[in-house]
Amino acid sequence: MVRVKSAVASRRRRKRLFKKAKGFFGDRKNHLRLTKDAVMKALAYNYEHRKQKKRNFKKLWIIRINIAAKIHGISYSRLICGLKKAGCEINRKMLADLAIKDLQAFGQIAQAAKQALAA
């Protein structure tokens, strides 16, 4: 009976692992035992941070909108409420972009929100 060796398969597995660990610091990039743990942890953090990235951007947009709304004499929550009543379908990302790049257009949107709240 022929003896089976798994050199090719194990080398492929190691190469795949080391490729994922490229750029890691110290022994975590070139020692198999340490690399396995480092890559597993990195992948777990990667999954979590993809979720956190969305939260962080939404926070940033809300902060920018809030500051621009205060400049135009309305609070963030009243602005959002007014926009919903006015039937304005603009999202927070676009509002934040307007708040930074075109403050006059944001002012017109804030004015529309104020009028919707007054009515």
### Query
R13 versus L17: any side-chain heavy-atom pair under 4.5 Å?
no
### SB check E48 K54 (cutoff 4.0 Å)
no
### Message
Please determine whether residues I65 and I100 belong to a single hydrophobic cluster, defined as Ile, Leu, Val, Met, Phe, Trp and Tyr linked transitively by side-chain heavy-atom distances below 4.5 Å.
### Response
no
### Message
Quick check for you: to the nearest 0.5 Å, what is the distance between S75 atom OG and I80 atom CD1?
### Response
9.5 Å
### Query
What are the two closest non-hydrogen atoms of W61 and K93, and how far apart are they?
CZ2-CG, 3.6 Å
### Flag side-chain contact, heavy atom, 4.5 Å: R12 against R14
no
### Message
I need the K84 NZ to E89 CD distance, nearest 0.5 Å.
### Response
8.5 Å
### Task
Supply the atom-to-atom distance N91 CG to L83 CG, rounded to the nearest 0.5 angstrom.
11.0 Å
### Query
Any side-chain donor paired with an acceptor under 3.5 Å for R50 and Y45?
no
### Query
How far apart are the closest heavy atoms of L79 and F106, and which atoms are they?
CD2-CZ, 3.8 Å
### Non-hydrogen atoms of D27 and T35 that approach each other most closely
O-OG1, 4.2 Å
### Q104 atom CD: more than 12 heavy-atom contacts under 6.0 Å
no
#### Entry: K51 charged N/C atom sitting above Y47 aromatic ring, 6.0 Å / 45°
yes
### Message
Give me the atom names and distance for the closest heavy-atom approach of G82 to L117.
### Response
CA-CG, 3.7 Å
### Summary
Rounded to the nearest 0.5 angstrom, the CE-CD1 distance for M94 and I90 is 7.5 Å
#### Entry: Side chains of L103 and L98 in contact at under 4.5 Å (non-hydrogen atoms)
no
### Query
Nearest heavy-atom pair of Y76 and R92: which atoms, and what distance?
OH-NE, 2.7 Å
### Query
Do V39 and L43 come close enough that some side-chain heavy atom pair is under 4.5 Å?
yes
### Query
Which distance, rounded to the nearest 0.5 Å, do you find between the CZ of R64 and the CG of L95?
12.5 Å
### Residues, nucleotides or ligands: over 12 heavy atoms within 6.0 Å of K114 NZ
yes
### Task
Heavy atoms only: give me the nearest A21-K29 pair and the separation to one decimal.
O-CB, 3.6 Å
### Task
Starting at NZ of K20, measure out to NZ of K15 and round the result to the nearest 0.5 Å.
14.5 Å
### Query
Any side-chain heavy-atom pair from L32 and F18 closer than 4.5 angstrom?
yes
